[in-house]
Amino acid sequence: MPKTKRRTAARKKAASFTGGCLCGAVRFRARGAPMYVSHCHCTMCRVASGAPVVTFAGFPSARVRFTKGKPKFYRSSKIARRALCGNCGSQLYFQFDRHPERMGMNVGCFDHPETLKPQRHIFTNTMIPWLKMKDGLPRELRGE
């Protein structure tokens with residue numbers, strides 16, 4: 001691997017992303033590059049956020065630390081839970097029961113969300129028809 005590619009890969013691996021809830025009671029740090037960054041169009045994400053789409057960055061659970069406060073949990077379905085600030089209600093992450101080793105962190109909660117570039121759309125079968133996102137990203141009917 002050329003030296004410049006090695007440096008870029010090393011920087012991504014060493015990256016650190018910080019964020020937190022609206023009121024500041026809960027803060028977190030995610031280390032390393034995310035496994036994925038996805039726009040989710042599922043009905044539950046829309047209702048939970050009050051937005052037409054939610055963008056998540058997937059990190060291994062072992063690389064995420066809460067540096068201030070702790071989230072509260074809401075079982076949003078039989079297969080998953082959502083972590084929220086118990087004070088202001090900000091949704092911090094989503095986690096499938098069968099994948100406790102990874103967390104889908106809400107990109108909007110990061111201090112610098114612009115650094116987490118989306119790579120795909122998921123659950124596009126439930127995408128709101130008037131939402132036109134012509135970004136050229138791959139679209140999947142399902143996700144995980």
Side-chain angles (χ1 to χ4, degrees), residues 4-5 7-144:
T4 56
K5 285 188 179 183
R7 275 191 222 134
T8 301
R11 280 188 197 128
K12 283 184 179 179
K13 188 175 181 182
S16 181
F17 302 92
T18 59
C21 66
L22 181 62
C23 73
V26 179
R27 297 283 302 160
F28 61 83
R29 177 181 307 278
R31 295 191 187 280
M35 299 177 299
Y36 60 83
V37 181
S38 303
H39 291 306
C40 183
H41 298 275
C42 82
T43 303
M44 282 204 271
C45 283
R46 289 198 321 259
V47 173
S49 69
V53 64
V54 177
T55 307
F56 291 104
F59 288 92
S61 301
R63 291 195 344 230
V64 177
R65 294 283 177 256
F66 286 88
T67 57
K68 181 180 176 188
K70 297 286 180 200
K72 301 287 183 188
F73 296 96
Y74 173 70
R75 176 145 301 280
S76 56
S77 72
K78 293 178 183 177
I79 63 168
R81 67 183 187 158
R82 293 172 192 272
L84 314 160
C85 171
N87 188 46
C88 68
S90 294
Q91 182 180 231
L92 301 166
Y93 70 87
F94 174 88
Q95 190 170 44
F96 283 108
D97 294 338
R98 69 179 183 200
H99 292 295
E101 75 282 0
R102 62 186 188 204
M103 305 160 72
M105 307 294 294
N106 284 53
V107 169
C109 291
F110 283 91
D111 294 335
H112 296 283
E114 71 279 5
T115 63
L116 296 157
K117 187 178 176 187
Q119 302 157 330
R120 65 182 180 161
H121 293 264
I122 58 173
F123 294 105
T124 56
N125 56 318
T126 54
M127 186 175 183
I128 296 175
W130 51 254
L131 182 64
K132 306 295 182 201
M133 297 177 75
K134 297 179 181 180
D135 52 20
L137 296 176
R139 293 166 190 258
E140 301 172 21
L141 296 178
R142 299 190 54 82
E144 192 173 309

Please list every donor-acceptor pair under 3.5 Å in which a side-chain atom of residues 52-62 meets a protein atom from a residue at least two apart or in another chain.
residue: Thr55; atom: OG1; partner: His39; partner atom: ND1; Å: 2.7
residue: Ser61; atom: OG; partner: Gln95; partner atom: NE2; Å: 3.4
residue: Ser61; atom: OG; partner: Pro100; partner atom: O; Å: 2.6
residue: Ser61; atom: OG; partner: Glu101; partner atom: O; Å: 3.4
residue: Ser61; atom: OG; partner: Arg102; partner atom: N; Å: 3.2

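Using a 4.5 Å cut-off on side-chain heavy atoms (C-beta onward), Cys42 and Ile122 make no contact. Using a 4.5 Å heavy-atom cutoff, the side chains of Met105 and Phe28 are in contact. Considering only heavy atoms from C-beta on, Leu141 stays 4.5 Å or farther from Phe123 through its side chain. Looking only at side-chain heavy atoms (C-beta outward), Arg82 and Arg75 stay at 4.5 Å or farther from each other. Side-chain contact between Cys40 and Phe94 is absent, with no heavy atoms from C-beta onward closer than 4.5 Å.
Partners of Arg65 according to the side chain to side chain donor-acceptor pair (under 3.5 Å) rule, which considers only residues two or more places apart in sequence or in another chain, do not exist here. Under the rule for a side chain to side chain donor-acceptor pair (under 3.5 Å), Asn87 has no partner lying at least two apart in sequence or in another chain. By the side chain to side chain contact (heavy atoms under 4.5 Å, CB included) test, Phe73 pairs with Pro71, Arg81, Ala83, Tyr93, sequence neighbours left out. Residues that satisfy the side chain to side chain donor-acceptor pair (under 3.5 Å) test with Ser49, not counting sequence neighbours, are absent from this structure.
Under a 3.5 Å cut-off, the side chain of Gln119 and the backbone N or O of Val37 do form a donor-acceptor pair. Not a single donor-acceptor pair under 3.5 Å links the side chain of Arg31 to the backbone N or O of Arg63.
Note that the SG atom of Cys109 and the CG atom of Leu92 stand 5.0 Å from one another [nearest 0.5 Å].
Annotation: side chain to side chain donor-acceptor pair (under 3.5 Å) contacts involving residues 121-131, sequence neighbours excluded, comprise His41-His121, His121-Asp135. Sorted by first and then second residue, the salt bridge (Lys or Arg N to Asp or Glu O under 4.0 Å) pairs involving residues 44-56 (not counting sequence neighbours) form an empty list. Screening residues 108-117 for side chain to side chain donor-acceptor pair (under 3.5 Å) gives Thr18-Asp111, Arg27-Asp111, His112-Glu114 as the qualifying pairs, with residues at least two apart or on separate chains.
When all heavy atoms of Pro34 and Phe17 are compared, the pair lying nearest together is CD-CE1, 4.1 Å. Across all their heavy atoms, Cys88 and Cys85 have their closest contact at N-SG, 3.3 Å.
Heavy-atom contacts from other residues, nucleotides or ligands closer than 6.0 Å to CD1 of Ile128 number more than 12.
Stacking of Arg120 on the aromatic ring of Tyr36 is recorded, both the 6.0 Å distance cut-off and the 45° axial limit being met.
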(request) Give the intermediate values and the outcome of side chain to side chain donor-acceptor pair (under 3.5 Å) for residues Arg29 and Thr67. (result) CA-CA 7 Å; Arg29 177 181 307 278; Thr67 57; over 6 Å; no
